[in-house]
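Below: one structure, written as structure tokens.
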Amino acid sequence: MRGNASGRAFAALGGLRFAVKTRASETPLLECPVRPKIEPTFGCAELQLDAALQLLQQSGHSLPDRARSEDAWLQAIVDGLCELSSRDALTGLANRRHFELTLASEVDRVARAGEPALVLMIDIDHFKRVNDAHGHQSGDLVLRAIAVALSECVRPMDTVARFGGEEFAMILPNCPPSYGLAVAERIRSHVGANPIPIGDDEEVTVTVSIGGAFAPQWVRSSPLLWVERADQELYRAKSEGRNRACLEQPIVSHVSAEEKGLLFGTSTFAELG
């Protein structure tokens with residue numbers, strides 16, 4: 001009976017052997033051999049990568065030599081697909097998904113650090129007229145040109161995105177309210193001052209309307225509400241004649257040192273205790 005029990009225990013332990021080893025001048029030790037580490041395998045031959053490779057090739061992504069390192073090759077595919085999923089295919093700007101992720105992160109940063117931040121919603125004025133008069137291909141050229149113009153007006157830390165259709169969006173971290181309107185006006189004038197080639201000896205000049213809103217400092221707001229407030233200012237710019245920038249007056253929040261401590265997960269009362 002005891003032998004059968006030992007056999008069952010051996011099987012339950014997956015074949016591990018316990019042995020008592022006695023060394024000179026040492027007490028017996030109970031040893032358990034360590035199983036060899038099993039490295040994970042990707043099974044590249046079983047992955048269906050044709051569609052992914054075609055997308056990356058079409059977008060101009062280059063991949064490392066597969067023969068040198070298959071792990072690096074697979075990682076480059078993953079990185080390339082992540083990049084494609086966060087970019088607008090037409091303009092190359094950040095897409096709406098990436099914009100919303102960045103906006104949520106900025107909301108958290110403003111709530112904790114209390115630094116100012118500005119969101120701008122930018123819409124091309126009378127864009128439908130461009131498509132109707134010159135065709136959608138010319139409309140695409142205009143969208144690309146506007147994307148370039150907007151990118152020329154921002155810092156590396158800022159985010160420029162195509163929000164949808166002819167609407168763009170910007171996130172400007174650490175932008176004080178005293179500079180907000182000047183920044184928006186610089187963007188508006190830069191776009192309107194540059195004619196856009198759309199064909200042989202043919203150009204169009206477009207303008208943009210801009211609405212902006214600041215994130216309330218030391219307040220954990222909602223990204224959706226932040227964008228809605230900027231959208232309201234954009235609507236005001238459109239209703240007042242287009243080709244202008246309207247910014248919401250910033251909300252001034254007076255926060256005590258104790259309230260700031262709570263935002264960071266600490267409290268002066270806890271320190272006194």
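Because the structure is a prediction, the values reported are computed rather than measured.
- Residues Leu247 and Leu181 approach most closely at CD2-N, 3.5 Å, considering heavy atoms.
- Note: the hydrophobic cluster containing Leu172 also contains Ile146 (ILVMFWY, side chain heavy atoms under 4.5 Å, direct or indirect links).
- Contact detail for Arg186 and Ser189: the closest heavy-atom pair is O-OG, 3.1 Å.
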(message) The test is side chain to side chain contact (heavy atoms under 4.5 Å, CB included); show your working for Leu74 and Leu49 and say whether it passes.
(response) CA-CA 10 Å; Leu74 276 174; Leu49 299 174; 4.0 Å; yes
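- Note that the OG atom of Ser85 and the CG atom of Leu81 stand 7.5 Å from one another [nearest 0.5 Å].
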(message) side chain to side chain contact (heavy atoms under 4.5 Å, CB included), that's the test. Do Asn131 and Lys128 meet it? Break it down for me.
(response) CA-CA 5 Å; Asn131 282 332; Lys128 186 176 183 298; 5.6 Å; no
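- Contact check for Leu63 versus Leu53: side-chain heavy atoms found under the 4.5 Å cut-off.
- When all heavy atoms of Asp158 and Pro173 are compared, the pair lying nearest together is OD1-CD, 3.3 Å.
- Taking hydrophobic clusters as Ile, Leu, Val, Met, Phe, Trp and Tyr residues chained together by side-chain heavy-atom distances below 4.5 Å, Val130 shares a cluster with Leu90.
- At least one side-chain heavy atom of Glu167 sits less than 4.5 Å from a side-chain heavy atom of Leu234.
- In terms of modelled atom types and a separation under 3.5 Å, the side chain of Asp88 and the main chain of Ala161 share no donor-acceptor contact.
- We find that Lys238 and Asp125 are joined by a salt bridge, their nearest charged nitrogen and carboxylate oxygen being less than 4.0 Å apart.
- Salt-bridge check for Glu233 with Arg229: failed, with every basic side-chain N at 4.0 Å or more from each acidic carboxylate O.
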(request) Report the C-alpha distance between Val142 and Phe127 in whole Å, list the side-chain angles of each, state the deciding distance to 0.1 Å, and finish with yes or no for side chain to side chain contact (heavy atoms under 4.5 Å, CB included). (result) CA-CA 9 Å; Val142 170; Phe127 182 70; 4.0 Å; yes
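- The distance from atom CG of Leu56 to atom CD1 of Ile77, rounded to the nearest 0.5 Å, is 6.5 Å.
- Put simply, the side chain of Arg96 never gets that close to the backbone of Gly164: no donor and acceptor are under 3.5 Å apart.
- There is no side-chain donor-acceptor pair under 3.5 Å between Asp123 and Ser209.
- Between the CD1 atom in Ile124 and the NE2 atom in His126 there is a gap of 12.5 Å [rounded to 0.5 Å].
- Counting heavy atoms of neighbouring residues, nucleotides and ligands inside a 6.0 Å radius, atom CD of Glu83 exceeds 12 of them.
- Put simply, Ile122 and Phe214 are part of the same group of oily side chains (I, L, V, M, F, W, Y) that touch within less than 4.5 Å, one to the next.
- For the 3.5 Å distance criterion, the side chains of Gln75 and Asp71 fail to qualify, holding no donor opposite an acceptor.
- Rounded to the nearest 0.5 Å, atoms NE2 (His190) and CD1 (Ile187) are 9.5 Å apart.
- Within 6.0 Å of atom CD in Glu203, more than 12 heavy atoms from other residues, nucleotides or ligands are found, so the atom counts as buried in its surroundings.
- With Leu150 as reference, Val191 is the one residue of Val191, Thr91, Leu120 to meet the side-chain contact (heavy atoms from CB on, under 4.5 Å) rule.
- Atom CZ of Phe99 is separated from atom OG1 of Thr159 by 8.5 Å, given to the nearest 0.5 angstrom.
- In the hydrophobic clustering of ILVMFWY residues, with side-chain heavy atoms under 4.5 Å counting as a link, Trp226 and Leu118 come out apart.
- Scanning both residues, Leu143 and Gly165, for their nearest heavy atoms gives CD2-O, 3.9 Å.
- Summarising the geometry of Ser221 relative to Pro216, their closest heavy-atom pair is CB-CG, 3.9 Å, with the distance given to 0.1 Å.
- A heavy-atom distance below 4.5 Å is found between the side chains of Val227 and Phe163.
- Within 6.0 Å of atom OH in Tyr235, 12 or fewer heavy atoms from other residues, nucleotides or ligands are found, so the atom counts as exposed in its surroundings.
- A 6.0 Å sphere centred on CZ of Arg155 holds more than 12 heavy atoms belonging to other residues, nucleotides or ligands.
- Of the inter-residue distances, the one linking Arg188 atom CZ with Arg244 atom CZ reads 8.5 Å to the nearest 0.5 angstrom.
- No continuous path of hydrophobic side-chain contacts links Val148 to Ile196 [ILVMFWY only; heavy atoms under 4.5 Å].
- Not a single donor-acceptor pair under 3.5 Å links the side chain of Arg144 to the backbone N or O of Gly92.
- Atom CZ of Arg242 is surrounded by more than 12 heavy atoms from other residues, nucleotides or ligands within 6.0 Å.
- Of all the heavy atoms in Pro116 and Arg109, the pair that sits closest is O-NH2, 3.8 Å.
- Between the side chain of Ser239 and the backbone N or O of Arg236, at least one donor-acceptor pair lies under 3.5 Å.
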